[in-house]
Protein chains: 2
Amino acid sequence: MALRYALMAALHEAPATGYELTQRFRSRLANVWNASHQQVYRELARLLEDNKLLVETVAQSDKPDKKRYHLTIAGRKDLEEWLNTPQPRPPVRDPLLVKLFAGDLLDSDVLKEDIEKLKQDWLAQLGYFRSIEHTYFRQPSALSRQYRLQYMALRRGITQITAGLEWLEELETTLEELDDAP
Amino acid sequence: MALRYALMAALHEAPATGYELTQRFRSRLANVWNASHQQVYRELARLLEDNKLLVETVAQSDKPDKKRYHLTIAGRKDLEEWLNTPQPRPPVRDPLLVKLFAGDLLDSDVLKEDIEKLKQDWLAQLGYFRSIEHTYFRQPSALSRQYRLQYMALRRGITQITAGLEWLEELETTLEELDDAP
DNA sequence: CCTTACATGTAACAAGTTACATGATTAG
DNA sequence: CTAATCATGTAACTTGTTACATGTAAGG
């Protein structure tokens with residue numbers, strides 16, 4: 001159910017095509033919501049069917065036409081209702097922690113590779129989030145309520161990754177200790 | 001695919017019934033993996049079908065019989081292979097952040113209730129994790145590799161929630177500022 | 001009497017993933 | 001010539017959720 005509203009929230013910010021929405025999920029919304037392009041197109045079709053959206057076909061000279069979706073009044077109302085009703089918190093399902101849990105069957109070198117990979121991913125993501133913070137949210141106190149709340153969504157991503165990186169350090173230290181005194 | 005391995009990892013630690021596995025997912029594994037009892041029973045049936053598990057029927061005097069599942073050699077081998085191959089990191093899908101992203105449609109009082117609820121949930125969870133830490137992982141340096149890695153899985157839960165609570169404070173401060181100077 | 005814990009499932013449906021499909025343009 | 005970006009989809013499959021179903025025992 002929530003994908004619908006993630007899409008509507010993104011379209012409420014600004015009308016967009018399925019392609020652009022997919023990109024937003026992968027970039028600015030990476031710490032908020034995730035969806036593949038297949039999911040996006042399918043759900044957009046349903047939202048359109050339910051009259052929550054309108055399409056505007058944008059002709060392009062060289063590239064194929066694209067469909068820009070807009071929230072309708074009904075869509076906005078629907079979104080507003082959802083926003084103001086309690087939502088569950090996300091379920092936790094982390095393969096890396098499953099691995100650690102069965103740590104006695106886990107090879108140390110494989111684990112170290114996993115850690116290194118994850119660290120690189122997180123650092124890249126953190127760099128990206130910080131660049132957004134720097135360019136759009138320099139003095140938060142000057143921002144409108146809307147943007148301050150968006151900023152807090154971004155802050156969540158930054159603090160989460162920062163805590164994740166600290167934990168990775170802790171994990172690496174543990175592995176070194178285990179290597180030294182086996 | 002990963003539910004299979006989460007179950008196998010849990011059964012590798014100790015044989016258990018579907019009921020017990022469901023409970024573990026809700027308690028000790030709350031920061032690792034999540035699954036409803038329906039999912040657990042369905043997947044256990046599949047694992048049994050694939051000869052990754054064995055059942056032992058445990059007769060009980062007053063309560064109905066229960067089925068205790070054990071990992072087979074094939075199951076253990078399968079798990080080991082999975083553990084030593086790279087796994088994707090969990091996708092991010094957080095309804096609360098979707099709400100913040102569309103913050104201009106969000107009522108402040110509703111948001112404050114969400115925050116309060118989440119804080120209570122997290123505090124309870126943190127208390128629980130800390131109690132495990134205190135009773136089972138007092139001097140980590142004395143522990144075997146297996147338990148030190150399990151401890152690091154627990155540490156992930158503790159550090160994640162701690163960071164989450166700090167972020168919630170930041171969010172509350174922001175809301176107060178917005179209330180004071182509208 | 002009512003709820004919670006114990007104990008195990010089936011069925012229908014919604015959400016998410018993977019594979020396949022097509023076609024143009026731009027950069028290396 | 002090859003890969004990447006833009007742009008949109010269909011189909012099959014797997015995973016996860018919700019609703020329904022049943023029965024015992026203990027505690028308030």
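Letters go in sequence order (proteins before strands), and every chain restarts at 1.
- Considering only side-chain N and O atoms, B:Tyr41 lies under 4.0 angstrom from the phosphate OP1 or OP2 of C:dT8.
- Nucleotide D:dT8 holds its C1' atom 16 Å from the CD atom of A:Glu43, rounded to whole Å.
- A salt bridge links A:Arg89 and B:Asp121; the closest N-O separation between the charged side-chain nitrogens and carboxylate oxygens is under 4.0 Å.
- Rounded to an integer number of Å, the gap from B:Lys67 NZ to C:dG9 C1' is 8 Å.
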Please produce a list of atom pairs where a protein N or O lies less than 3.5 Å from an N or O of nucleotides 18-21 of chain D.
unit_1: D:dA19; atom_1: N6; unit_2: B:Gln38; atom_2: NE2; d: 2.9

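- When rounded to the nearest whole Å, the span between CZ of A:Arg4 and P of C:dG16 equals 13 Å.
- Checked by atom type and distance alone, the side chain of B:Gln87 pairs as donor or acceptor with a backbone atom of B:Trp82 at under 3.5 Å.
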Donor-acceptor contacts under 3.5 Å from residues 46-58 of chain A side chains, at least two apart:
unit_1: A:Arg46; atom_1: NH1; unit_2: A:Glu43; atom_2: OE1; d: 3.2
unit_1: A:Asp50; atom_1: OD2; unit_2: A:Arg4; atom_2: NH2; d: 2.8
unit_1: A:Glu56; atom_1: OE1; unit_2: A:His70; atom_2: NE2; d: 2.5

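- Using a cutoff of 4.0 Å between basic side-chain nitrogens and carboxylate oxygens, A:Arg145 and B:Asp179 are not scored as salt-bridged.
- Listed by residue number, the members of residues 5-16 of chain A with any heavy atom below 4.0 angstrom from DNA chain D form an empty set.
- Look at A:Glu13 and A:Arg28 and you find a salt bridge, because one of the NZ, NE, NH1 or NH2 atoms lies within 4.0 Å of a carboxylate O, short of that distance.
- When heavy atoms are screened at a 4.0 angstrom cut-off, A:Arg93 is found touching the sugar-phosphate backbone but no base atom.
- In this structure, B:Tyr19 places its OH atom 14 Å from C1' of D:dG23, rounding to the nearest Å.
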Show your working on salt bridge (Lys or Arg N to Asp or Glu O under 4.0 Å) between A:Glu81 and A:Arg76 and close with a plain yes or no. CA-CA 9 Å; A:Glu81 258 170 52; A:Arg76 214 207 68 153; over 6 Å; no
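- Formation of a donor-acceptor pair under 3.5 Å by the A:Arg24 side chain with backbone atoms of A:Ala10 is found in this model.
- Here A:Glu172 does not pair with A:Lys112 in a salt bridge; the nearest charged N to carboxylate O distance is not below 4.0 Å.
- For the pair A:Arg46 CZ and D:dT10 P, the computed distance is 11 Å after rounding to whole Å.
- Straight-line distance from the CG atom of B:Leu3 to the C1' atom of D:dG16: 9 Å, rounded to whole Å.
- Proximity note for A:Gln23 (side chain, C-beta onward) versus C:dT17, C:dA5, D:dC6: the nearest is D:dC6.
- If you measure from atom CE of B:Met1 to atom P of C:dG16, you get 18 Å, rounded to the nearest angstrom.
- For the pair B:Lys66 NZ and D:dA25 P, the computed distance is 15 Å after rounding to whole Å.
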